[in-house]
Undergrad: 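Supplied in structure tokens, the structure appears directly below.
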Amino acid sequence: MYNFEFERPASLADAVAALGAEEAQALGGGQTLIPTLKQRLASPAKLVSLTGIAEMQGVSAAGSSVTIGGATTHATVAAEAAGAYPALAALAGNIGDPAVRNRGTIGGSLANNDPSACYPAAALGSGATIVTNAREIAADDYFQGMFTTALDEGEIITEVRFPVPEAASYQKFEQPASRFALVGVFAAKYADGVRVAVTGASEEGVFRWSEAEAALNHDFRTDALMDLDINPANMIGDMHGSKAYRAHLVKVMTKRAVAAML
Amino acid sequence: MPKDHGIGASPKRREDVRFLSGTGNYTDDINLRGQAYVHFLRSDVAHGRINGIDTAAAAAMPGVLRIFTGADFEGVGGLPCGWQVTDKHGQPMQEPGHPVLAQGKVRHVGDPIAAVVAETAAQARDAAEAIELDIEELPAVVDMKAALQEGAPKVHDDLTSNLCYDWGFVEENKGAVEEAFQKAAHVTTLELINNRLVANPMEPRVAVGDFNRASGDSTLYTTSQNPHVIRLLMGAFVLGIPEHKLRVVAPDVGGGFGTKIFHYAEEAFCTFAAKALNRPVKWTASRSEAFISDAHGRDHVTKIQLALDADNNFTALRTDTYANMGAYLSTFAPSVPTWLHGTLMAGNYRTPLIYVNVKAVFTNTVPVDAYRGAGRPEATYQLERVIDKAARELGVDPIALRRQNFITEFPYATPVAVEYDTGDYNATMDKLEEIGDLAGFAARRRESEARGMLRGLGVNCYIEACGIAPSNLVGQLGARAGLYESATVRVNATGGLVVMTGSHSHGQGHETSFPQVIAEMIGIDESMVEIVHGDTANTPMGMGTYGSRSLAVGGSAMVRATEKIIAKAKKIAAHLMEAAEADIELKDGAFSVAGTDKSVAWGDVCLAAYVPHNYPLEEIEPGLEETAFYDPSNFTYPAGAYACEVEVDPETGKVTIERFAAADDFGNVVNPMIVSGQVHGGLAQGIGQALLEGAVYDENGQLLNASYMDYAMPRASDVPFYTVDHSCVTPCTHNPLGVKGCGEAGAIGSPPAVVNAVVDALQSAGRDVTHIDMPLSPSRVWQAMHG
Ligand SMILES: Cc1cc2nc3c(=O)[nH]c(=O)nc-3n(C[C@H](O)[C@H](O)[C@H](O)COP(=O)(O)OP(=O)(O)OC[C@H]3O[C@@H](n4cnc5c(N)ncnc54)[C@H](O)[C@@H]3O)c2cc1C
């Protein structure tokens, strides 16, 4: 790790100001950023911790949506969203291990947009709104490929608003070593349609499987997926699974998600 | 009633109090006054010529004390290899140099090029980044068969090729084996890979070198399984320090699994640099460094063939193996695919003719050496897989085929040079069928199938040769060391004992089990016995712990020393009671005169030895301390039968281990709880190899899974609740405790059980899958099903 300055502001305004400094970077739970620093793969001049900002903490349910503060830990979501949005809480409760869940945050996960991370599937699968200090971004516009998002430099995710579906399920097939998603499918059924978001599988990061959505909108049964196949060409192929295997798993996990919702 | 003390009891491990409460003393806990830190700059290419190393800018960085390169070590020796294998033509293996820091070339990713010593670890690392390297990358050889092709890049320019040796065993049997294959009614052939493993002990390697200018003594604190071996190898072959000026301390060690047997460059470096700088020098490996600098294990590519007659008797076996040595010969590397592997190819069976060929190959990868089981897992895996395949081809029950070919009479001389002293393979198989409820498998399969899952049962046997080893025998086989063990038993004036043993405990529980033996012999409480190990300054010359040798060899030395103690104590007791020595009996911690009510307590005899007022000084010396060295007359041969039941998800290929039963014959058992723990750990590592682990190199020699993000270690949820049993006992006939050793069995016996089970599951669904190479990851199983 190289040396850096450290700040832990108590308000969003102070955080935005602090992030205005040259080579300053936000720090959420540090579960991705700290290992990166330890390997000396990044050298920010200043880290601005977001964990001391009260307005970025917690889970609140109002009407048909659940809002989660950008610095809320996975463990808190697992515990506090269980009533309002069980599929989301279950997803959070199965990220990493207890240490990761007690530190890692939803804002950090969405800002990082790891192609194998779980939250991006939930956000895209729910059609969530990513709220930042500057604007509101629809999930459909937010994810722009592996480790790439619509966020501008220094922009902070302050909260994430999830519309609560009639039913939802996240099916995660774990990569054996990291236990991130080798393939994860988040399916959610809303009054205006079904959304199916896939993580772990594609070289372009999280994506919506629109053919599956269309088929399920027509007929919400696992059999509706029978004749669908996903093109392996853009899938990730590595030592943990070939492109064809990942394409196959997308279908299996989608089927399982639908089965769990029936 | 289970015993509550002595041999056969299961007292909780006393060392766990400090391990579980964070009060252990590991090498990284050792911090010496004025200590400096070293950071090794390691090669990030697998093969390259070093054209220049510019350290000028780095040397000027804050805190830097000195930067060392290969040139600084031209005057000292290289890291020695402890075993010389002779090839099938009677020629010695090709043995390349192994410099402490790379000289001329780098030969694997992780090869240390320069060492920066600085006031802090961070300063050392900062400066290492400022070293300017001019390295011309050369084509790398990674694949063993490619490495042996004409014109392949040479790992060592001064060798004739990348072939370390071509070993034939037993070369004289080769013709007879060929003939038997020609006459065979059936031949089963299997090609397989024994996957390369990274040992991954919980504690990474650490070394602290120290030099005392006043006395001229060097001290090395290191994460080692055998401090005396390190002292001898490093002192005599690398640095030229005589043993009396060199102390090696291996304090608490957080797991070794073989990879902490070997003498490593970092140990020699820290010892050397401490003297050069007159400062203690410390190195602590990061996990990333461990992946590319700890010796790896296994990595064999094998073709095995089994010949059977018309009645399904095994008539001959032949096997061809390519064994990866990596870029240099690690300390015991040459012995692993030969003497620890070829000699085990008979397994539990009466196969009369066996021929083993092993080609050991240099590649641009991390050196490969012993890892839990070392050679014996490789032998067991191929043998038990080919037998399973034969049973399927012949349509016979795999257990029946094994039973039919079991060795049933002992001692039994195998055609591969070893003699099994005892065993009862039918007994362990019977026990396995019972504890594994194999009769209930069919019902469990139906239940799984009702849930859409495929269920398979895999059964296999294993035998291993441990209690390593008779020195005269291994000497003939090329070992450059003796393999006896030592113990000094010191009785204190008030009756407590301290045993200074050459065995080293790094998780095995010696501090608990060794006292149980003494408690049994003398009839005192275990709490009166303390075990001291791990420091060459206060233990007799010993060879350390590996090859399941601690109790069988180290424990035997302790028994011999304690027998001497008891003999002397009886003389003293005879004097105190004015009786004849021959009439003295020792029982429950008291000496008595046979046929009388005269008795004197253990503690009174001990006190008399140290306060010799009423003492036969003209006949015996005062004091009560004895040393014994024990050299075994044979290996020990633990054996057993394992059964694994898996479920395979046909949609994803994911394998779950539902049940695992292990019936082992370890001879006599001193602490059944510790033995169960050893089996559990071994099984977890074997299951890890079978389902999860495997180092993956790309064609440029980059280790692709050099972190836990991609290298899958077994976690608690990957293993089932085991059923283990060690009640089948055929005591070893040649050591005083009748013990055989249990440390490696689990890792040896379990991989074939898992793979046999998965193949069984897939075949039950009509899939024509006869083999899948480990690790049986979901993607590989799925691929095999849809291949
Ligand atoms: C062992 C382990 C296992 C894991 N397993 C999983 C898993 O199964 N599934 C999964 O999804 N994830 C997994 N993770 C990742 C984990 O979920 C992390 O929490 C997540 O990747 C990053 O969140 P963080 O709060 O720790 O962010 P940090 O590491 O602090 O930051 C990550 C990035 O986000 C930026 N950032 C942080 N907060 C914000 C914000 N509010 N607004 C804008 N930018 C911000 C930082 O500047 C940085 O670039 C695992 C991590 C580990 C270490």
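Since we're looking at a predicted model, the values are computed, not measured. Each chain gets a letter, A, B and so on, in the order the sequences are listed, and its residues count up from 1.
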Undergrad: How about residues 23-47 of chain A versus chain B: which residues have heavy atoms under 4.5 Å apart?
TA: K38(A), Q39(A), R40(A)
Undergrad: Taking everything shown except N3(A) itself, do over 12 heavy atoms lie less than 6.0 Å from its CG?
TA: no
Undergrad: For L692(B), is it the side chain, the backbone, both, or neither that has a heavy atom closer than 4.5 Å to a heavy atom of chain A?
TA: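 Just the side chain, heavy atoms under 4.5 Å.
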Undergrad: Is it true that a side-chain atom of Q783(B) and a backbone atom of S242(A) form a donor plus acceptor pair closer than 3.5 Å?
TA: no
Undergrad: Which atom pair, heavy atoms only, marks the closest approach of R715(B) to P176(A)?
TA: NH1-O, 3.4 Å
Undergrad: Given the options E129(B), R780(B), E693(B), which has more heavy-atom pairs under 4.5 Å with chain A than any of the others?
TA: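 Most heavy-atom pairs within the cutoff with chain A belong to E129(B).
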Undergrad: Pair W782(B), L249(A) - check side-chain contact (heavy atoms from CB on, under 4.5 Å), show working.
TA: CA-CA 10 Å; W782(B) 182 81; L249(A) 283 182; over 6 Å; no
Undergrad: Answer yes or no: are there more than 12 heavy-atom neighbours, outside K251(A) itself, under 6.0 Å from its atom NZ?
TA: yes
Undergrad: For Q144(A), does the CD atom have more than 12 heavy-atom neighbours from other residues, nucleotides or ligands under 6.0 Å away?
TA: yes
Undergrad: Counting distance only, does the side-chain N/O of H248(A) pair as donor-acceptor with the main-chain N or O of E651(B) below 3.5 Å?
TA: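 Looks like yes, one N/O pair under 3.5 Å.
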Undergrad: Chain A: which of V696(B), D718(B), D710(B) shares the most heavy-atom pairs with it under 4.5 Å?
TA: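 Result: the option with the highest number of such pairs is D710(B).
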Undergrad: D649(B) versus chain A, heavy atoms under 4.5 Å apart: side chain, backbone, both or neither?
TA: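 Looking at D649(B), just its side chain touches chain A.
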Undergrad: Answer yes or no: does atom CG of D227(A) have more than 12 heavy-atom neighbours from other residues, nucleotides or ligands under 6.0 Å?
TA: no
Undergrad: Using non-hydrogen atoms and a 4.5 Å limit, figure out which bit of M253(A) sits close to chain B: side chain, backbone, both or neither.
TA: side chain
Undergrad: With a strict 4.5 Å heavy-atom criterion, list every residue of residues 203-216 of chain A that contacts chain B, or say none.
TA: none
Undergrad: Can you tell me if D768(B) has over 12 outside heavy atoms packed within less than 6.0 Å of its CG?
TA: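 No, the 6.0 Å shell around CG holds no more than 12 heavy atoms from other groups.
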Undergrad: Please classify the contact between R246(A) and chain B as side chain, backbone, both or neither, with a heavy-atom cut-off of under 4.5 Å.
TA: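 Contact with chain B involves no heavy atom of R246(A) at all.
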Undergrad: Any heavy-atom pair between the side chains of Y708(B) and R179(A) that's under 4.5 Å?
TA: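 A side-chain contact is absent here, since even the closest heavy-atom pair is not under 4.5 Å.
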Undergrad: Could you tell me whether M226(A) atom CE has more than 12 heavy atoms of other residues or ligands within 6.0 Å of it?
TA: no
Undergrad: Can you say whether P778(B) sits under 4.5 Å from chain A via the side chain, the backbone, both, or neither, judging by heavy atoms?
TA: both
Undergrad: Nearest 0.5 angstrom please: F173(A) CZ to S779(B) OG, how far?
TA: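 F173(A) CZ to S779(B) OG: 8.5 Å, rounded to 0.5 Å.
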Undergrad: May I ask you to check whether over 12 heavy atoms, not counting those of R103(A), lie within 6.0 Å of atom CZ?
TA: no
Undergrad: Side chains of N705(B) and H240(A), heavy atoms from C-beta outward: is any pair under 4.5 Å?
TA: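 Not in contact.
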Undergrad: Please walk me through it: do F180(A) and M709(B) pass side-chain contact (heavy atoms from CB on, under 4.5 Å)?
TA: CA-CA 9 Å; F180(A) 274 67; M709(B) 291 305 278; 3.6 Å; yes
